[in-house]
Amino acid sequence: MTARLLDGRALATKIEDSLRAEVQTFAGMFRRRPRLIVVLVGDVAASASYVKSKQQAAARVGIDSDVIRVPAESQTADLVELVQAAAAGDHGPADGILVQLPLPAHVDAVAVLDAVPPHLDVDGFHPENAGLLSQGRPRFIPCTAAGVQRMILDAGLETAGRHAVIVGRSDIVGKPLALLLSAKGPGGDATVTLCHSRSADLADHCRRADILVAAVGRPNLVTAAMVKPGAAVIDVGINRIERDGRSRLVGDVDFDAVKEVAGWISPVPGGVGPLTVAMLLANTLLAAELSSR
Ligand code: NAD
């Protein structure tokens, strides 16, 4: 069997096309464009490149964006103050504020993220937004989790009554995705198993999945022997490895072997990554709409 590809890049382009039209309508009504502020701490190449692709995508749909760059040595209190100042409009109008992760190890990331007011929290990380999601009345859904659910919906994959196994329990991916897939409604109603680093018999859990999502950050964690024939396998992981003397991005799934077993599979790159960015744009437009009501 060769799995069908869950093409995140193509879906992200489709989402951007409809967002572009919605942004135009918004701009026509309110005589302004939505605006996103990104806080980038330090000069880690991967973070800078994610921020660049977010800005490019924002520009493609007509969302303004600005990056506030601060040195890696910045302290927690400085960053909290910076985020509060951005929220107060000191860096121009803001519909959304995003703090690019990871933050340097000496920074209290939770304190900095909590400084983003809930109505500007387009990453969906604030406890208020996490709480709303957990109660089944989401406002801003964390972008990667939203992207995975969108991918599932777009492919027409049934979730109701199916078994979804998510590997990885982070607040930004695994946990919100578990909430989304188990919530009532389209793209939900699944029975969800949330696995993590302390799960016993990971392979057994995975083999029972109709939908298997890997969000760990470990190459080849999911092997063909862990996949039920015909299952949908969605790879959130992003890992940089050296192969054949070249540096490459791979996911958590052994793609070449798993594609022979799975019914559907998402590639890395070109899978969940572009959808994460598309969902960020959707959240930014939503934030602008909510603040204009
Ligand atoms: P994290 O480090 O916060 O969480 C990793 C999770 O994996 C933890 O819950 C841990 O319990 C679990 N884990 C670790 N080792 C395990 C093992 N051996 N077996 C089972 N579970 C194990 O990571 P995160 O922020 O959720 O990101 C996970 C991966 O997804 C990373 O590779 C990250 O780069 C990637 N990511 C991709 C996107 C995207 O847009 N595609 C967005 C966010 C994160």
Side-chain angles (χ1 to χ4, degrees), residues 6-9 11-12 15-16 38 44-57 98-103 105 107 109-110 113 122-125 130 140-152 164-181 192-209 212-223 225-227 233-241 247-255 265-283:
L6 293 160
D7 185 343
R9 219 169 256 149
L11 177 55
I15 296 169
E16 280 187 16
V38 180
V44 175
S47 294
S49 127
Y50 291 141
V51 167
K52 190 173 163 198
S53 56
K54 287 169 186 176
Q55 280 205 287
Q56 287 170 336
L98 176 159
V99 179
Q100 182 64 41
L101 298 177
L103 292 173
V107 172
V110 172
L113 293 176
V122 287
D123 256 339
F125 296 161
F140 302 121
I141 302 173
C143 305
T144 304
V148 170
Q149 189 184 44
R150 189 67 178 262
M151 180 180 253
I152 289 169
V165 175
I166 301 165
V167 191
R169 60 178 161 186
S170 72
D171 288 342
I172 68 171
V173 188
K175 228 185 272 174
L177 184 60
L179 290 169
L180 284 178
L181 297 182
V192 175
T193 300
L194 186 57
C195 296
H196 47 78
S197 53
R198 304 293 299 272
S199 294
D201 305 321
L202 180 67
D204 280 354
H205 290 297
C206 292
R207 267 193 296 272
R208 281 194 286 273
L212 176 60
V213 182
V216 171
R218 187 180 277 215
N220 294 324
L221 180 85
V222 174
T223 63
M226 294 164 75
V227 174
V233 179
I234 300 178
D235 194 350
V236 177
I238 302 177
N239 307 290
R240 190 164 283 285
I241 60 156
S247 163
R248 297 170 183 271
L249 283 188
V250 297
D252 292 346
V253 173
D254 179 0
F255 184 88
I265 191 166
S266 74
V268 177
V272 175
L275 292 177
T276 298
V277 178
M279 293 299 122
L280 169 68
L281 304 179
N283 277 349

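In each ligand, atom 1 is the first atom listed, and ligand 1 is the first ligand listed. Side chains included, hydrogens not; waters and symmetry mates left out as well; all remaining heavy atoms used. We number each residue from 1, following the sequence as shown.
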So which protein heavy atom does [atom] come closest to, and at what separation?
{"atom": "atom 30 (O) of ligand 1", "answer": "Val236 O, 3.5 Å"}
{"atom": "atom 11 (O) of ligand 1", "answer": "Ser197 N, 3.0 Å"}
{"atom": "atom 8 (C) of ligand 1", "answer": "Arg169 N, 3.9 Å"}
{"atom": "atom 14 (C) of ligand 1", "answer": "Val216 CG1, 3.6 Å"}
{"atom": "atom 40 (O) of ligand 1", "answer": "Thr276 OG1, 2.7 Å"}
{"atom": "atom 42 (C) of ligand 1", "answer": "Thr144 OG1, 3.1 Å"}
{"atom": "atom 1 (P) of ligand 1", "answer": "Ser170 CB, 4.1 Å"}
{"atom": "atom 21 (N) of ligand 1", "answer": "His196 C, 3.1 Å"}

Restricting to heavy atoms, the pick from Leu194, Val167, Val173, Ile238 nearest atom 33 (C) of ligand 1 would be Ile238

Atoms of ligand 1, numbered as shown, that sit under 4.0 Å from any heavy atom of [X]:
{"X": "Ile172", "result": "25 (O)"}
{"X": "Gly273", "result": "40 (O), 41 (N)"}
{"X": "Arg218", "result": "18 (N)"}

Under 4.0 Å from atom 27 (O) of ligand 1, do we find at least one protein heavy atom? no

Exercise for review: Decide yes or no for Val99 and Leu113: does some side-chain heavy atom of the first lie under 4.5 Å from some side-chain heavy atom of the second?
Suggested key: yes

Just by modelled atom types, is the [Y] backbone N or O under 3.5 Å from a matching donor or acceptor in the [X] side chain?
{"X": "Asn283", "Y": "Ile141", "result": "yes"}
{"X": "Ser170", "Y": "Val173", "result": "yes"}
{"X": "Asp235", "Y": "Ser266", "result": "no"}
{"X": "Arg207", "Y": "Ala225", "result": "yes"}

The answer for which part of Arg198 has a heavy atom under 4.0 Å from ligand 1 is neither

Looking only at non-hydrogen atoms, find the nearest pair between [X] and [Y] and report the distance.
{"X": "Val268", "Y": "Val250", "value": "CG1-C, 3.6 Å"}
{"X": "Pro219", "Y": "Ile241", "value": "CG-CG2, 3.9 Å"}
{"X": "Thr223", "Y": "Val227", "value": "O-CG2, 3.6 Å"}

Salt bridge (charged side-chain N to carboxylate O under 4.0 Å, His left out) filter on Arg248, not counting sequence neighbours, yields Asp244

Self-check item: Test item, Ala215 contacting ligand 1 (heavy atom, 4.0 angstrom)
Solution: yes

Check: When only distance counts, is Leu202 in polar contact with ligand 1, meaning an N/O pair under 3.5 Å?
Finding: no

Applying side-chain contact (heavy atoms from CB on, under 4.5 Å) to Leu179 and not counting sequence neighbours gives Leu133, Ser134

